[in-house]
Each structure stands twice: as structure tokens, then as C-alpha cells.
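Data first, discussion second: the structure below is written as C-alpha cells.
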Amino acid sequence: MPVVLVQVNTADSAEAARIGRAMVEAGLAAAANVIPEISSIYRWQGEIKESAEAMLVLKVSARRATEVIEKIRALHSYECPAILAIPVADGNPDYLAWVERESGGAS
């Protein structure tokens with residue numbers, strides 16, 4: 001039952017919710033969490049930037065991670081969105097099985 005957390009920063013909570021809902025509705029993610037406001041500091045095109053963003057965290061079957069990343073890229077407003085698939089090392093076996101059932105469909 002390998003599961004990954006897919007984390008992506010978005011322009012705002014509305015974008016995070018839109019992408020999260022699309023992922024769950026498509027069966028690509030079992031669940032989506034929107035963290036409405038984070039502060040980001042990063043280098044972009046040679047300049048240090050600071051911005052308010054939102055964070056989206058998706059619970060996904062590991063075998064669908066590439067598909068999820070591509071779908072997020074298609075839906076995202078950023079030129080180069082920060083999308084990370086983070087392996088889950090351990091957790092509640094019942095929960096991990098549920099994530100696999102809800103998001104592990106045929107790729």
C-alpha cells in the first residue's frame with residue numbers, strides 16, 4: 001500500500017481548493033487538505049521574492065503520483081509550480097488502505 005503526500009503551493013486558497021477538488025473528483029487523490037495561508041521566500045529568475053500563498057496536500061496512491069503531478073501542472077496558474085511527491089514511510093494501516101482504494105485506480 002505505498003502512499004505519497006503530494007504537496008503543492010498555489011497562488012491562493014481558491015486555487016488550492018479548485019485543484020484539490022478536481023483531484024478527488026477524478027479519483028486521483030483520496031483526500032485534499034488546503035492550508036489557506038503560508039509565507040514563501042524563494043529565488044525566481046535571479047531575484048529574491050516573498051509572497052503569500054496557499055498549500056495543497058493530497059493523499060495519493062504512489063502508483064498514480066506521476067499522473068497526479070501532470071494533472072496539477074495542467075490546472076496550475078504558475079509557470080513552474082512547486083510540486084513534491086513525498087513517500088509515506090508508515091501510518092495507520094486502515095487509513096493507508098483507504099487512500100489506496102480511493103486513489104489507486106488504473107493508471
Side-chain angles (χ1 to χ4, degrees):
M1 293 179 271
V3 169
V4 296
L5 298 179
V6 176
Q7 174 187 310
V8 57
N9 290 1
T10 61
D12 55 35
S13 59
E15 181 174 48
R18 178 178 56 79
I19 293 171
R21 178 172 291 282
M23 295 294 129
V24 173
E25 286 177 349
L28 291 170
N33 301 113
V34 175
I35 301 167
E37 190 170 329
I38 61 170
S39 296
S40 296
I41 303 167
Y42 54 96
R43 184 180 305 277
W44 180 248
Q45 298 179 341
E47 295 182 31
I48 302 296
K49 305 279 187 174
E50 291 189 43
S51 60
E53 296 181 295
M55 183 184 293
L56 173 63
V57 180
L58 301 167
K59 282 76 169 200
V60 176
S61 169
R63 63 191 164 110
R64 309 276 314 267
T66 299
E67 188 177 357
V68 168
I69 291 166
E70 290 306 311
K71 180 76 169 173
I72 292 169
R73 290 180 68 194
L75 296 172
H76 207 289
S77 64
Y78 290 178
E79 179 182 340
C80 182
I83 306 168
L84 302 172
I86 304 162
V88 173
D90 203 358
N92 176 351
D94 295 334
Y95 183 79
L96 297 176
W98 173 79
V99 170
E100 178 63 26
R101 279 193 312 275
E102 293 298 320
S103 65
S107 9

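Here the structure is a predicted model, which is why all the values come from computation and not from measurement.
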Would you say [X] and [Y] make side-chain contact, with heavy atoms under 4.5 Å?
X: Val6; Y: Val57; answer: no
X: Ile41; Y: Ile48; answer: yes
X: Arg43; Y: Lys49; answer: no

Does the pair Leu28 and Val60 meet the rule for a side chain to side chain contact (heavy atoms under 4.5 Å, CB included), with working shown?
-> CA-CA 7 Å; Leu28 291 170; Val60 176; over 6 Å; no
Heavy-atom pair with the smallest gap, counting every atom of [X] and [Y]:
X: Trp98; Y: Ala31; result: CH2-CB, 4.1 Å
X: Ala54; Y: Pro36; result: CB-O, 3.6 Å
X: Pro2; Y: Glu100; result: O-OE1, 3.9 Å
X: Gly104; Y: Ser61; result: CA-CB, 3.7 Å
X: Gly27; Y: Arg64; result: O-NH1, 3.4 Å
X: Val4; Y: Pro87; result: CG1-CA, 4.0 Å

How many angstroms lie between atom [atom1] of [X] and atom [atom2] of [Y], to the nearest 0.5 angstrom?
X: Cys80; Y: Arg73; atom1: SG; atom2: CZ; result: 7.5 Å
X: Asn9; Y: Ser51; atom1: CG; atom2: OG; result: 8.5 Å
X: Leu75; Y: Thr10; atom1: CG; atom2: OG1; result: 12.0 Å
X: Ile19; Y: Ile72; atom1: CD1; atom2: CD1; result: 6.5 Å
X: Ser39; Y: Glu50; atom1: OG; atom2: CD; result: 8.0 Å

What pairs of residues pass the ring pair (Phe, Tyr, Trp, His ring centres under 6.0 Å) test when at least one of them lies in residues 41-89, not counting sequence neighbours?
->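 Qualifying pairs, neighbours excluded: His76-Tyr78.
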Modelled atom types, side-chain donor and acceptor of Ser77 and Glu15, under 3.5 Å = yes
Common cluster, Val8/Ile69, ILVMFWY with side-chain heavy-atom separation under 4.5 Å =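 Yes, same cluster.
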Not counting sequence neighbours, which residues clear salt bridge (charged side-chain N to carboxylate O under 4.0 Å, His left out) with Glu53? List them please.
-> none
Please walk me through it: do Met23 and Lys71 pass side chain to side chain contact (heavy atoms under 4.5 Å, CB included)?
-> CA-CA 8 Å; Met23 295 294 129; Lys71 180 76 169 173; 2.9 Å; yes
Step-by-step side chain to side chain contact (heavy atoms under 4.5 Å, CB included) determination, Leu56 to Leu58 = CA-CA 7 Å; Leu56 173 63; Leu58 301 167; 4.0 Å; yes
